[in-house]
2 protein chains.
Amino acid sequence: MRTAQDDLTGRARLRDAAIECFAAQGFDESLRAIAARAGVSAGLVRHHFGSKEMLRAECDATVLQRYRTLKTESINADPASLFAQLPASREAGILLVYILRSVRDGGAAGREFLEHMVAEALEFSMDAVARGLVVPSRDEEARVRHLVRQSVGGLIVQLAMHPDTQLDDFQGVIEQFYADSMLPTLELYSEGLFTDRTYLDEYLAYVAGTNNPPAGLAGEQLPR
Amino acid sequence: MRTAQDDLTGRARLRDAAIECFAAQGFDESLRAIAARAGVSAGLVRHHFGSKEMLRAECDATVLQRYRTLKTESINADPASLFAQLPASREAGILLVYILRSVRDGGAAGREFLEHMVAEALEFSMDAVARGLVVPSRDEEARVRHLVRQSVGGLIVQLAMHPDTQLDDFQGVIEQFYADSMLPTLELYSEGLFTDRTYLDEYLAYVAGTNNPPAGLAGEQLPR
DNA sequence: TAGGAGACTACTCGCATGTATAGCCATGGG
DNA sequence: CCCATGGCTATACATGCGAGTAGTCTCCTA
């Protein structure tokens, strides 16, 4: 019925236009604007997808799939950036902005994206620890969750501070973000922030005094 | 004309209700919902504020002022958290969520909040460096901007992952966030992440090769 | 060549929103 | 006493939205 062939028809144009509109303007962008970008009428969305919600779901799935493809294609090992210079092309930039907006707005799609990144980063991090590049943590997953949350959040803030960025200029904003963050990140990762271990040791002693071992403290999030 | 006395009338109730609604539901919350929370009619918003935009502006100013008051009241010196356990009360929790939403959605208010936090943190950080508690950075402002952006962003992501959090439960979510982040943060700040300085030194050598000194790299953001 | 399935459009409907208008009514100074 | 000021409400209006309906056009096939 619905094969990969008809991805050349208006259905695919509509889906791709929706992804670009959602990335550029947010998920509240109207169906009429999406249809206009695709060069079709608004009613065609209903004809092909049934509702805006189902169009959104298909966009989510498509973006996640393309993100996975892009990740597996470009295997690089730069521990300085958990995103591994994703926005190398306009297409990748759109994907990244779409994902950032998904996380920003919450919901199932954003949570799925985030969990995907955590799983990726956890695998990467444990490998880096095993190879002696990264110091071990008392709770690897908690550290990875923290780093991913902070990194994604930092990008979201950067995106929010440049709301009028066009999709084509977005690579520039990301590059500026990395340029701004590279030195502080490398300093922090290489030299830390505190001059002594007092705060850490005091916290470890405090935690050891409770019945909560540090390793089991930060596994799952709050159960809604 | 409009003195501090009439803050006991419906005008203040409307403003406070708007702040709570904006924090709980976002800035797209309807005037009718805000008026309902305040126990007045929707038309009163126009009567007192002229438009929704001007109501929003007054909410922004009020939140910023209360945030400043709260900050100057509670002077504490805990370098582990740049937010200094702000949400100690329900009122403070509402302020924090409002600020996070402002930054999240971009715009002038969010940028103002962020710049305010950067200025605070910069002052605090330079003092900590002078007292020998924190290692110096090659670009103090860039480091502070980075840390503030990451911290605020991390909270925004945490907030997005718990979209159905009530305003009263929000302190719990923040406490959970701190509980999850405390160990990774202290580890990172005390022990760093990399086992050696290779990446940092390579970057410093690379930057030294260009005409851009590291200190001047991350001052102002992109000129829109 | 006839016919039918599906891509696509024009138009409409109900709904929610921000804004605008007209008026009620309690209070307080003449 | 009286009436004007201003807080406040009820209602209407214009707009833009997603969703629904009916119909046209274009191939592909029997």
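The sequence lines fix the lettering, A, B, ..., with proteins before strands; numbering per chain opens at 1.
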*Is it true that A:K52 and A:D28 have a side-chain N and a carboxylate O under 4.0 angstrom from each other?*
no

_Show, in sequence, the C-alpha distance, side-chain angles and deciding distance for A:R143 and A:E140, and conclude whether the salt bridge (Lys or Arg N to Asp or Glu O under 4.0 Å) test is met._
CA-CA 5 Å; A:R143 176 168 70 175; A:E140 291 290 350; 3.1 Å; yes

*Compare all side-chain heavy atoms of B:L147 with those of A:L188 and state whether any distance is below 4.5 angstrom.*
yes

*Scan nucleotides 11-17 of chain D nucleotide by nucleotide, 5' to 3', and note B when protein non-hydrogen atoms come under 4.0 Å of the base, S if they reach only the sugar-phosphate, - if neither.*
-B----B

*Rounded to the nearest Å, what distance is computed from the NE2 atom of residue B:H48 to the P atom of nucleotide C:dT19?*
16 Å

*Whole-Å distance between D:dA19 C1' and A:R56 CZ?*
19 Å

_Rounded to whole Å, how long is the line connecting atom CZ of B:R13 with atom C1' of D:dG7?_
12 Å

*For the pair made of NE2 in B:H47 and C1' in C:dC24, what is the distance, rounded to whole Å?*
13 Å

*Lys NZ or Arg CZ of A:R11 over A:F49 ring: under 6.0 Å, within 45°*: yes

*Which listed nucleotide (D:dA19, C:dT21, C:dT9) is nearest to the side chain of A:R46?*
D:dA19

*Under 3.5 Å, is there a donor-acceptor pair between the B:S181 and A:R145 side chains?*
no

*Cation-pi check, A:R56 to A:F27: give yes when NZ or CZ is under 6.0 Å from the six-membered ring centre and within 45° of the ring axis, no otherwise.*
yes

